[in-house]
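Presented below is the structure to which this report refers.
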Amino acid sequence: MKRWSRHHWLLPVLVGMWLFTGCAQGARLVQETEKGGIAVYPYVPERGAMTSSFRAEAMRLIDRRCGGRYRIVREGETKGRDRVSTVVPGAEEIVRDHRWGVQFECR
């Protein structure tokens, strides 16, 4: 029998992270205008949108788009999507992805 390395816990953790993120996309600009746009990012409701690791990514996109000078007009939950997850073969589960939108204007 093969002995486990001292890092035997790493593979299940990585697989779990991969399954948890699933098909989730990071932050992206979904609308751009001359004066600004809207950035969206996924978040987990139980953890909150402001603590999502993707928030910093969204703010970097906005910062780059506006050259560092912008103001947030409004933000809030926006339309997410439902997807089918098959973590266990034969057992399908509907998973709702939550998204947070940030509308901004460049200055």
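In this chain, numbering begins with 1 at the start of the sequence shown. All of these numbers come straight from a predicted model, not from anything done at the bench.
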Below 4.5 Å, heavy atoms only, C-beta onward: do Tyr70 and Met59 meet side chain to side chain?
-> yes
Are Val40 and Met50 connected in a single hydrophobic cluster, I mean Ile/Leu/Val/Met/Phe/Trp/Tyr linked by side-chain heavy atoms less than 4.5 Å apart?
-> no
From Cys66 SG over to Lys35 NZ, what is the distance, rounded to the nearest 0.5 angstrom?
-> 13.0 Å
Hydrophobic cluster identity match, Ile62 and Val30, side-chain contacts under 4.5 Å = no
Test salt bridge (charged side-chain N to carboxylate O under 4.0 Å, His left out), reference Glu105, set Arg65, Arg71, Arg69, output is Arg71
Kindly say whether Pro42 contributes a backbone atom to a donor-acceptor pair with the side chain of Ser52 at under 3.5 angstrom?
-> yes
Any side-chain heavy-atom pair from Glu46 and His98 closer than 4.5 angstrom?
-> no
Quick one: are Leu61 and Phe104 in side-chain contact, heavy atoms under 4.5 Å?
-> no
Going by heavy atoms in the side chains, are Tyr41 and Val102 under 4.5 Å from each other?
-> yes
All heavy atoms of Gly101 vs all of Thr78, minimum pair found to be N-CG2, 3.9 Å
Could you tell me whether the side chains of Trp100 and Glu77 share a donor-acceptor contact shorter than 3.5 Å?
-> no
Taking side chain as C-beta onward, heavy atoms only, is Glu75 less than 4.5 Å from Gln103?
-> no
